[in-house]
Amino acid sequence: MRNYWVRVALDIPLETFFDYHVPTTLSPQRGQRVIVPFGHQKQIIGVVTAILDKTDIPLDKQKDIIQVLDDLPPFSDTWIDLCEFAAKYYLRPIGEVILPVLPPPLRKITAYTGKTTSSPVERLDKKIRNQQKKAQQKKQSSTHQATTPSAHSTSLTLNTEQRIAVEVISQTQHFKTFLLHGITGSGKTEVYLQALAQKLAEGKSVIFLVPEINLTPQFEQILKDRFCPLYGENTVVTMHSGLSDGDRLLAWLRMQRQEAKIVLGTRMSIFAPLENIGLIIVDEEHDASYKQQDGLRYSARDLAIWRAKQLTIPVVLGSATPSLESWQHTLTGKYEKLCLTQRAKVTHLPHIKLINTKKIPLNQGLSPDLISAIDERLQRGEQSMIYLNRRGFSPVLRCSSCSWTSECIRCSVHTVLHQSAGKPATLQCHHCGYTTRVPYKCPECGNQDISGLGYGTQRIEEVLGHLFPHAKIQRIDADSTRLKGSAEKLFTEAHSGDVDIIVGTQMIAKGHDFKRLSLVGILNADMMLFSGDFRAPERLFAQLIQVSGRAGRHLPDAEVLLQTEFPDHNLYQSLLKHDYAEFASTTLEERKIAKLPPFSYQVLISAQAKKVEDAIDFLKTIIRMAKEDMPDYLEGIQLYDPIPLKIIRVANIERAQLLIESESRTRLHHFMQIWLQRVYQFFRTPKVKYFVEVDPLDI
DNA sequence: AGCACGCCGACT
DNA sequence: GTCGGCGTGCTC
Ligand SMILES: [Zn+2]
Ligand SMILES: [Zn+2]
């Protein structure tokens with residue numbers, strides 16, 4: 001056979017392709033993993049993305065492939081195409097897409113270079129066979145166990161809206177994006193499950209995405225209860241970053257071998273190597289967790305839509321507060337909207353009340369109305385929840401006589417006072433983790449009267465303890481759930497009903513169904529109303545709807561009390577009416593006038609250096625490159641001035657960013673591709689680190 | 001990202 | 001004298 005080469009995806013952050021010569025003894029195929037020599041490192045694993053009959057690499061630089069790994073069938077063409085699209089769209093080399101999504105044993109050379117000559121795949125298969133043998137022996141020796149039917153094993157009866165949604169989705173056999181807009185408690189999950197059941201019955205498989213790891217166990221249970229009796233116990237596979245290497249490999253094998261029919265998991269699951277997919281579900285599609293914040297900055301929701309289009313299948317995006325991007329697409333008819341407007345249980349949505357804190361004096365951060373509402377719940381034996389998106393005791397420590405405030409030595413932010421029962425008080429930086437003891441006097445003037453300013457969850461917990469000494473109060477935030485398994489423990493306690501008042505951050509807003517909860521108090525929502533970027537109100541509204549939805553899912557007359565200085569703000573006014581559509585329409589109108597997404601597309605380049613001036617200079621230089629060298633590409637492209645980030649310094653690194661905007665996505669991408677190529681060639685080893693983010697969420 | 005090469009400060 | 005600090009360069 002004639003001489004030929006292969007293009008290999010490697011996990012190396014370089015904007016070049018790597019072509020290798022194929023020795024006559026080997027015949028690698030597209031989608032197969034190979035072992036190749038690389039630079040000074042001995043050998044690494046890569047994935048073949050193309051077969052080439054010529055290459056531009058000079059002969060003296062060409063190297064031979066060492067080995068083709070055939071312990072797995074090649075990844076499918078459609079799967080490689082998906083990765084290639086993601087690489088191109090997010091402006092990164094393909095190796096940065098493919099390799100990080102593989103289970104570590106499939107991509108780390110050390111899995112193949114140990115004492116044993118076997119592959120990690122063979123080793124795992126052997127282990128599983130042994131386990132099965134043992135399990136069988138046990139089964140034979142023990143008596144039969146009747147399988148107990150569980151609560152989720154049978155389908156629930158649907159209301160009319162749900163039935164229509166299920167019918168429309170399951171009858172769709174082509175590409176279509178559905179937006180399932182349902183208020184909290186309206187039974188979106190049951191719609192997913194029954195549409196999913198239909199696709200399984202047709203012999204198809206399904207990808208089911210959820211935003212967070214903590215949401216997987218409850219969905220996993222539901223899916224297993226309902227579908228394992230029908231399709232076998234390996235039908236449901238979960239995939240998230242919490243899995244061990246072995247579990248990740250096992251899940252991967254079950255997907256690639258078509259043993260699994262349902263893949264449940266976090267954003268990485270959109271890269272599941274499943275074939276014959278009939279439906280993709282994205283629950284809570286508005287959630288920012290679907291956007292990866294490091295490495296390849298992809299949006300799993302957006303890739304889900306691309307993958308559905310590629311496979312000509314339906315995709316369902318579900319949310320009570322859809323992203324404005326998705327909502328706009330329903331208005332133009334690009335997506336089909338399916339509405340669930342009724343709560344499944346007979347209860348009503350909670351009554352929301354705004355408390356004007358400009359007019360009413362607060363008692364240690366709490367309004368009299370909120371305090372008496374909590375008291376009422378205690379009398380009735382019901383649960384209350386206080387939501388405050390700020391952990392710690394006080395956001396800053398301040399001297400009462402001079403104006404000294406506690407600051408991080410490594411970042412341009414205040415350090416946060418942490419002070420809770422049993423632990424010595426500390427000052428912590430929430431950006432870099434820097435922690436110090438609390439000074440007993442002001443470091444500037446020596447004054448001993450220094451104290452925390454403002455309220456965090458720890459302080460509210462303490463205040464409530466003084467106001468209600470007999471109540472059982474549980475704080476749930478990143479600090480109280482730091483230890484592995486402690487989050488589950490705290491939530492179990494909160495569910496069991498021993499807890500009277502739950503105090504917490506974002507963590508308590510998602511997914512939990514507290515049976516006796518009839519009051520939600522929201523503190524300091526205003527902080528997010530005016531914070532930074534244009535998406536802040538959208539995020540705030542979603543959070544408020546979500547946390548409000550915790551109240552009264554099983555009890556009538558539930559209340560939400562929101563303390564604000566701006567009760568007339570249109571966001572709060574729409575919230576009062578639980579009116580997402582109204583909020584969306586006013587906000588979209590503002591976006592349209594300002595030509596912001598979804599009416600334009602954005603790319604963000606952020607630069608990091610020791611001094612922010614260097615970062616700014618770098619960005620100015622690349623802007624000049626664009627303006628001088630490639631003016632034709634700039635038509636319809638808006639290049640903004642580079643600006644320092646609001647928090648300039650984090651961990652002694654200073655940051656600046658540059659926003660690029662266009663009303664045409666193709667133009668923007670075309671420009672970016674050419675431009676970044678030039679930047680890369682010009683700065684072969686830049687002293688400034690830079691990152692490119694397509695469709696940034698925070699700007 | 002790794003890894004090697006290389007040229008200056010403080011150890012045996 | 002050399003051990004090791006991390007600046008610079010290279011990877012098909
Ligand atoms: Zn002072
Ligand atoms: Zn810091």
Side-chain angles (χ1 to χ4, degrees), chain A residues 2-69 80 83-84 86-88 90-114 241 245 268 292-298 605-611 614-615 618 651-654 676-677 679-693:
Chain A
R2 197 173 93 260
N3 243 352
Y4 75 106
W5 296 263
V6 283
R7 186 151 286 175
V8 179
L10 300 173
D11 192 13
I12 304 288
L14 295 179
E15 314 279 327
T16 39
F17 293 115
F18 297 101
D19 297 349
Y20 284 84
H21 179 252
V22 180
T24 50
T25 49
L26 301 176
S27 54
Q29 296 169 46
R30 185 176 193 238
Q32 259 182 328
R33 292 172 305 132
V34 288
I35 297 179
V36 293
F38 187 77
H40 299 291
Q41 310 164 47
K42 299 125 278 170
Q43 301 176 356
I44 55 175
I45 293 181
V47 176
V48 176
T49 59
I51 311 285
L52 310 169
D53 53 16
K54 59 179 168 39
T55 178
D56 297 334
I57 309 302
L59 252 173
D60 60 324
K61 290 204 167 175
Q62 289 181 23
K63 288 183 182 165
D64 276 14
I65 284 181
I66 294 171
Q67 192 189 338
V68 177
L69 296 170
I80 300 279
C83 295
E84 265 177 351
K88 212 172 161 191
Y90 293 106
L91 302 163
R92 302 284 2 176
I94 184 151
E96 269 185 56
V97 184
I98 294 194
L99 287 131
V101 305
L102 299 182
L106 294 183
R107 62 166 199 257
K108 285 194 176 154
I109 190 69
T110 45
Y112 290 84
T113 52
S241 58
D245 287 2
M268 64 164 69
Q292 179 137 60
Q293 287 302 322
D294 53 296
L296 183 86
R297 302 183 172 220
Y298 66 93
I605 302 183
S606 36
Q608 306 185 338
K610 283 264 171 283
K611 294 259 102 237
D614 293 337
F618 169 80
N652 283 331
I653 293 169
E654 301 195 334
L676 289 176
Q677 198 69 38
V679 169
Y680 177 71
Q681 273 158 14
F682 188 77
F683 295 92
R684 293 177 57 211
T685 40
K687 63 176 185 211
V688 173
K689 251 189 171 178
Y690 66 96
F691 309 92
V692 179
E693 181 164 3

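Order of the sequence lines fixes the chain letters, A, B, ..., with proteins taken first and strands second; residue numbering starts at 1 for each chain. Worth saying up front: this structure is predicted, and the values here are computed from it rather than measured.
Listed by chain and residue number, nothing satisfies the side-chain hydrogen bond (donor to acceptor under 3.5 Å, both in side chains) test with A:Arg107 (two or more places apart in sequence, or in another chain). Partners of A:Phe18 by ring pair (Phe, Tyr, Trp, His ring centres under 6.0 Å), not counting sequence neighbours, listed by chain and number: A:Phe38. Considering only residues two or more places apart in sequence or on other chains, A:Gln32 meets the side-chain hydrogen bond (donor to acceptor under 3.5 Å, both in side chains) condition with none of them.
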Quick one, give me the B/S/- string for nucleotides 1-6 of chain B, reading 5' to 3', where B means a protein heavy atom under 4.0 Å from the base and S means that only happens at the primed atoms, P, OP1 or OP2.
B-BS--
Let me have the donor-acceptor pairs involving side chains of residues 39-49 of chain A, under 3.5 Å, with sequence neighbours excluded, atom names and distances please.
| from | atom 1 | to | atom 2 | distance (Å) |
| --- | --- | --- | --- | --- |
| A:Thr49 | OG1 | A:Arg7 | O | 3.4 |

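Around the OH atom of A:Tyr680, the shell of radius 6.0 Å holds more than 12 heavy atoms that belong to other residues, nucleotides or ligands.
The CG atom of A:Asp19 sits 11 Å away from the P atom of C:dC12 (whole-angstrom rounding). Distance, A:Ile51 CD1 to C:dC12 P: 19 Å, rounded to whole Å. Taking atom CD of residue A:Gln62 and atom P of nucleotide C:dT11, one finds them 14 Å apart after rounding to whole Å. Rounding to whole angstrom units, CD of residue A:Glu15 and P of C:dT11 are separated by 16 Å. With rounding to whole Å, A:Lys54 atom NZ is found 16 Å from C:dC12 atom C1'. When rounded to the nearest whole Å, the span between CG of A:Asp60 and P of C:dC10 equals 14 Å. In this entry the distance linking CD1 of A:Ile65 with C1' of C:dC12 reads 11 Å, nearest Å. Straight-line distance from the CZ atom of A:Phe18 to the P atom of C:dT11: 9 Å, rounded to whole Å.
Closest approach of A:Leu99 and A:Asp11 over heavy atoms only: CD1-N, 3.3 Å. Residues A:Ile51 and A:Pro28 share a closest heavy-atom pair of CD1-O, 3.5 Å.
Checked against the 6.0 Å centroid threshold, A:Phe683 and A:Tyr690 do not count as a close aromatic pair.
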side-chain contact (heavy atoms from CB on, under 4.5 Å), that's the test. Do A:Ile65 and A:Trp5 meet it? Break it down for me.
CA-CA 9 Å; A:Ile65 284 181; A:Trp5 296 263; over 6 Å; no
I'd like a list of close polar pairs between nucleotides 3-8 of chain C and the protein, N/O only, cut-off under 3.5 Å.
none

